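Here the structure is laid out as structure tokens; the discussion comes afterwards.
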Amino acid sequence: MISLPNDGFLKLTIKDLMIPSERVAHVQVGNNLEHALLVLTKSGYTAIPVLDPHYKLHGLISTPIIMDSILGLERIEFEQLEKKRVEEVMKGSIPRVKISEPLKKCLELLVNQPFLCVETEDGYFEGILPRSTVLNQLNKIINRLQNSKN
Ligand code: AMP
């Protein structure tokens with residue numbers, strides 16, 4: 001059994017580990033679905049944040065959400081991609097944390113989410129915290145601990 005030292009993982013903050021907003025692929029509420037699909041496909045991510053022009057966080061858009069929204073009764077209505085806007089179909093209720101919250105809270109949420117959106121107290125987008133980044137950090141700390149015991 002490995003116990004984490006208090007000055008290790010739990011001393012880290014969300015800011016230490018998050019991907020800052022300028023490096024996060026995103027779309028805007030008013031973009032059409034064709035643009036969103038283009039960004040999703042080019043970036044290789046299945047879900048990305050939806051922001052407004054002031055960088056307020058509104059939701060998430062994903063390839064499955066887009067495909068579902070253009071699914072007709074008998075065919076995929078590709079012409080809808082140009083007509084529909086991201087805000088009409090995005091998921092508004094999303095896993096989000098304030099940047100000031102402790103990493104422990106993120107750990108709990110990341111059990112069921114591949115990433116969390118990080119925002120200021122006022123709801124402005126600051127970045128994302130992917131589960132892989134947190135696991136990577138934990139892995140490093142555990143390896144270091146094991147090496148120091150050998
Ligand atoms: P990863 O653990 O790096 O595979 O990231 C998990 C999920 O977080 C991805 O599938 C994306 O939905 C999201 N993500 C990670 N990095 C970025 C990024 N730079 N821009 C937008 N979304 C991202």
Side-chain angles (χ1 to χ4, degrees), residues 2-5 7-71 76-78 80-147:
I2 293 176
S3 54
L4 292 177
D7 60 346
F9 183 77
L10 293 172
K11 275 272 167 70
L12 290 169
T13 63
I14 292 180
K15 202 168 183 179
D16 293 329
L17 296 184
M18 73 177 192
I19 301 178
S21 57
E22 60 273 16
R23 285 178 35 216
V24 177
H26 71 272
V27 289
Q28 296 216 347
V29 276
N31 289 147
N32 65 22
L33 296 189
E34 187 175 20
H35 177 79
L37 199 54
L38 209 70
V39 177
L40 282 159
T41 307
K42 285 261 180 204
S43 66
Y45 300 123
T46 45
I48 52 175
V50 179
L51 310 179
D52 69 16
H54 306 291
Y55 257 59
K56 262 211 158 165
L57 178 62
H58 286 251
L60 286 181
I61 190 82
S62 67
T63 308
I65 290 177
I66 294 178
M67 293 313 288
D68 190 59
S69 76
I70 61 166
L71 209 59
I76 300 174
E77 297 169 352
F78 286 107
Q80 296 289 337
L81 285 176
E82 210 183 323
K83 292 179 189 153
K84 286 191 177 172
R85 293 193 309 155
V86 167
E87 65 187 330
E88 293 173 52
V89 304
M90 69 182 187
K91 191 166 173 265
S93 125
I94 59 167
R96 46 172 91 198
V97 285
K98 304 282 185 213
I99 194 160
S100 56
E101 286 185 279
L103 211 52
K104 187 175 173 304
K105 164 94 184 280
C106 301
L107 273 182
E108 285 161 20
L109 293 170
L110 283 170
V111 170
N112 293 314
Q113 310 292 340
F115 71 98
L116 305 174
C117 288
V118 182
E119 61 186 1
T120 63
E121 301 303 316
D122 308 332
Y124 289 98
F125 183 64
E126 286 276 359
I128 62 168
L129 184 63
R131 177 158 61 197
S132 60
T133 309
V134 175
L135 283 176
N136 233 324
Q137 193 65 31
L138 264 174
N139 193 31
K140 274 190 209 156
I141 291 174
I142 288 171
N143 280 337
R144 224 181 291 139
L145 269 174
Q146 271 189 330
N147 288 337

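Whatever order the structure lists ligands and atoms in, that order sets their numbers, starting from 1. Heavy-atom basis, side chains included; hydrogens, waters and symmetry copies ignored. Since the model is a prediction, treat every value here as computed from it, not as a measurement.
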Does any non-hydrogen side-chain atom of V27 lie less than 4.5 Å from one of M90?
-> no

Top protein contact for atom 22 (N) of ligand 1, by heavy-atom distance = Y45 CD1, 3.6 Å

Note the single closest protein heavy atom to atom 6 (C) of ligand 1, along with its residue, its atom name and the distance in Å.
-> P114 O, 3.9 Å

Using only heavy-atom distances, determine whether the side chains of D16 and T13 contain a donor-acceptor pair under 3.5 Å.
-> yes

Short N or O distance, A25 and ligand 1, threshold 3.5 Å exclusive = yes

Between E121 and S100, a side-chain donor and acceptor under 3.5 Å | yes

Consider every N or O of I19 and every N or O of ligand 1, then say whether any pair is closer than 3.5 Å.
-> no

Would you give the length of the straight line joining atom NZ of K84 to atom CG of N32, rounded to the nearest 0.5 angstrom?
-> 12.5 Å

Pull out every atom of ligand 1 sitting under 4.0 Å from any heavy atom of I128, numbered as shown with elements.
-> 13 (C), 14 (N), 15 (C), 16 (N), 17 (C), 22 (N), 23 (C)

List the closest protein heavy-atom neighbour of atom 19 (N) of ligand 1: residue, atom name, distance to the nearest 0.1 Å.
-> R23 O, 3.0 Å

K98, NZ atom: more than 12 neighbouring heavy atoms under 6.0 Å = yes

Determine whether the side chain, the backbone, both or neither of R131 has a heavy atom under 4.0 Å from any heavy atom of ligand 1.
-> neither

Keeping the roles fixed (side chain from N147, backbone from R144), state whether a donor-acceptor pair exists under 3.5 Å.
-> no

Identify, for atom 8 (O) of ligand 1, the protein heavy atom at the shortest distance, and state residue, atom and that distance.
-> F115 CD2, 3.1 Å

When you measure from the side chain of T41 to the backbone N and O of L38, does any donor-acceptor pair fall under 3.5 Å?
-> no

Numbering as shown, the atoms of ligand 1 that approach S132 to under 4.0 Å (heavy-atom distance) = 1 (P), 2 (O), 3 (O)

Do the non-hydrogen side-chain atoms of E87 and H58 ever get within less than 4.5 Å of each other?
-> no

Establish whether atom 4 (O) of ligand 1 and some protein heavy atom are separated by less than 4.0 angstrom.
-> no

Please report which non-hydrogen protein atom sits nearest to atom 12 (O) of ligand 1, along with the residue it belongs to and the distance in Å to one decimal place.
-> A47 O, 2.6 Å

Contact atoms of ligand 1, heavy-atom distance to I48 under 4.0 Å | 21 (C), 22 (N)

